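Single-structure report; data block below.
Every chain is numbered from 1, with letters handed out A, B, ... down the list of sequences. What you see is a predicted model, and the numbers here were worked out from it, not measured in a lab.
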Protein chains: 2
Amino acid sequence: MSEPVGNDGAVVYRERWEVVTEEIRRRIVTGEMLPGSRIRETELAEGFGVSRGPVREALRILEVAGLVLRVPRHGSYVAPVRRRDVDELYTLRASIEELAVRRALRRADAGLAAQLGRAVERLEMALTTEAPFEVVESDIDFHSTFYRHADHDRLVAVWATLADPLRILMRLSSRRSDPDWSTTVGGHLLIASAAREGDEDACVEATLDHLEHARSLVLSFVEQQEIPER
Amino acid sequence: MSEPVGNDGAVVYRERWEVVTEEIRRRIVTGEMLPGSRIRETELAEGFGVSRGPVREALRILEVAGLVLRVPRHGSYVAPVRRRDVDELYTLRASIEELAVRRALRRADAGLAAQLGRAVERLEMALTTEAPFEVVESDIDFHSTFYRHADHDRLVAVWATLADPLRILMRLSSRRSDPDWSTTVGGHLLIASAAREGDEDACVEATLDHLEHARSLVLSFVEQQEIPER
DNA sequence: GAGAATTTGTTCGTATGTATC
DNA sequence: TGATACATACGAACAAATTCT
């Protein structure tokens, strides 16, 4: 586990449960722990070198976040991804991302266009080097830009709960085939262009088109993964 | 604490942390524990007759749900309601409720109109008997009907995280003055009418108008409540 | 500013319920 | 069906940090 020293030099006590939560989340999101697989408190606790207390608290948090499925008196599982989730994630995301885009453009922050541009470049770079993790993170980062500029804490919080399952989905589908990333990049360019010109409606329309494309792309590659019975 | 016997007669073990979570949530939502007030683990644990373990897990859950504010190595507080929250809650709610209304109407379930009608009657009844708790619950219940019929688990989950703070807001503002409930009832009638006729766009428009009215109503009565420093 | 009191963070032992043979 | 192994749920004591006097 890491030491209690922050990146700004100041001493920052990161509680055990916090470190444990982040690490389990990382393992789930990166696919190190696969959807549907069993999670044992004692096993994790021993692996981390901590007691079961912090692990329990971490699992509670991740359960509320939707990444962990918990069966009372039985155990925990990495939340399985169902076909239904693809529909839910993308419809809900379209709904809140429209709000994010509109609010971000209305604030007319100069940093928005610049950050969008950098995010597109980052994605293009990741595609040339064929780094799967970077590709997914770049894609997520592009869209996160709007949420960051929306000045809306709860909106960011909801986005965060959607972003993790989306990372898992994108990783699963890109592993199974070779998605059409050029269309994705094109979509991002279109969105960024509309954002640069401050055209709110055009930016929303481009975003919704882009999301619909992404949805159908992911949907065609996701296999049904059953929930462990009981 | 309650006994492990479910209402269907079967034995249902409700874990301590579950009961504790529900009870703390109830106290916060009903205003029994006021926003900004300190929460002491030991105090709650003794009051419930349990150890601090289940209480800690409950507080973690409620923290993720946004009802509890937690300061590391210091303590927990009932999440304070800020002016900013009113804007965030109602803009985000408008966004997802449009999705809920559209999906509910597209499914064209016969039960929808009937349940909306009953919810309106329940609100009218609550207003005549002047039962504050019932009034708030009836209002929330009316809107929940769309979410229940939207066939969208994540949408319901997000709504649930908004509904609790909204209950607190409505309670605070109705305590401070005498809101114009007749307009609220009128709004519900308009929405229910459009839903009965299956007019999706009209129903969405009526809903958004209604929410804007509710927002301005609440906003005018909410006082600034500061976050505890540090 | 030092020390006591308070409160949270953590560990570990035990109880209880579940699954399996 | 019954016994056994296993994992989680809970309680109580200890450790560490913050606040207050």
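- Taking atom NE2 of residue A/His74 and atom P of nucleotide C/dT16, one finds them 21 Å apart after rounding to whole Å.
- Listed nucleotides C/dT10, C/dT18, C/dT8 differ in distance to A/Glu15; the shortest reach to its side chain belongs to C/dT10.
- By the 4.5 Å heavy-atom criterion applied to side chains, A/Val86 and A/Arg215 are counted as neighbours.
- Here C/dT8 presents its P atom at 14 Å from CH2 of A/Trp17, a figure rounded to the nearest Å.
- Of the listed nucleotides (D/dG11, D/dA16, C/dT7), D/dG11 has the atom at the smallest distance from the side chain of B/Ser51.
- If you measure from atom CD of A/Glu46 to atom P of C/dT11, you get 13 Å, rounded to the nearest angstrom.
- Residues A/Arg154 and B/Leu89 share a closest heavy-atom pair of NE-CD2, 3.4 Å.
- Distance from the side chain of B/Arg40 is smallest to C/dT8 among C/dT8, C/dG9, D/dC10.
- Atom-to-atom, CG of A/Leu44 to P of D/dA7 comes out at 12 Å; the value is rounded to the nearest Å.
- In this structure, CD of B/Glu41 is placed 14 Å from C1' of D/dA17, rounded to the nearest angstrom.
- Residues A/Arg14 and A/Glu23 are not paired through a salt bridge, judged by the lack of any N-O separation under 4.0 Å between the basic side chain and the carboxylate.
- Here C/dT8 presents its P atom at 8 Å from CZ of B/Arg70, a figure rounded to the nearest Å.
- In this structure, the CZ atom of B/Arg16 is 14 Å from the C1' atom of C/dT14, given to the nearest Å.
- Among the heavy atoms of the strands, none lies under 4.0 Å from A/Leu59.
- Between the side chain of B/Ser95 and the backbone N or O of A/Ser95 there is at least one donor-acceptor pair closer than 3.5 Å.
- Side chain of A/Arg103 to backbone of A/Asp151: a donor-acceptor contact under 3.5 angstrom is found.
- Atom CD in B/Glu43 sits about 14 Å away from atom C1' in C/dT8, given to the nearest Å.
- Looking at heavy-atom distances under 4.0 Å, B/Gly75 makes contact with sugar-phosphate atoms alone, never a base.
- Out of C/dT10, C/dG17, D/dG11, the shortest distance to the side chain of B/Arg56 is found at C/dT10.
- Taking 3.5 Å as the limit, the base of C/dG9 and the side chain of B/Arg52 contain a donor-acceptor pair of atoms between them.
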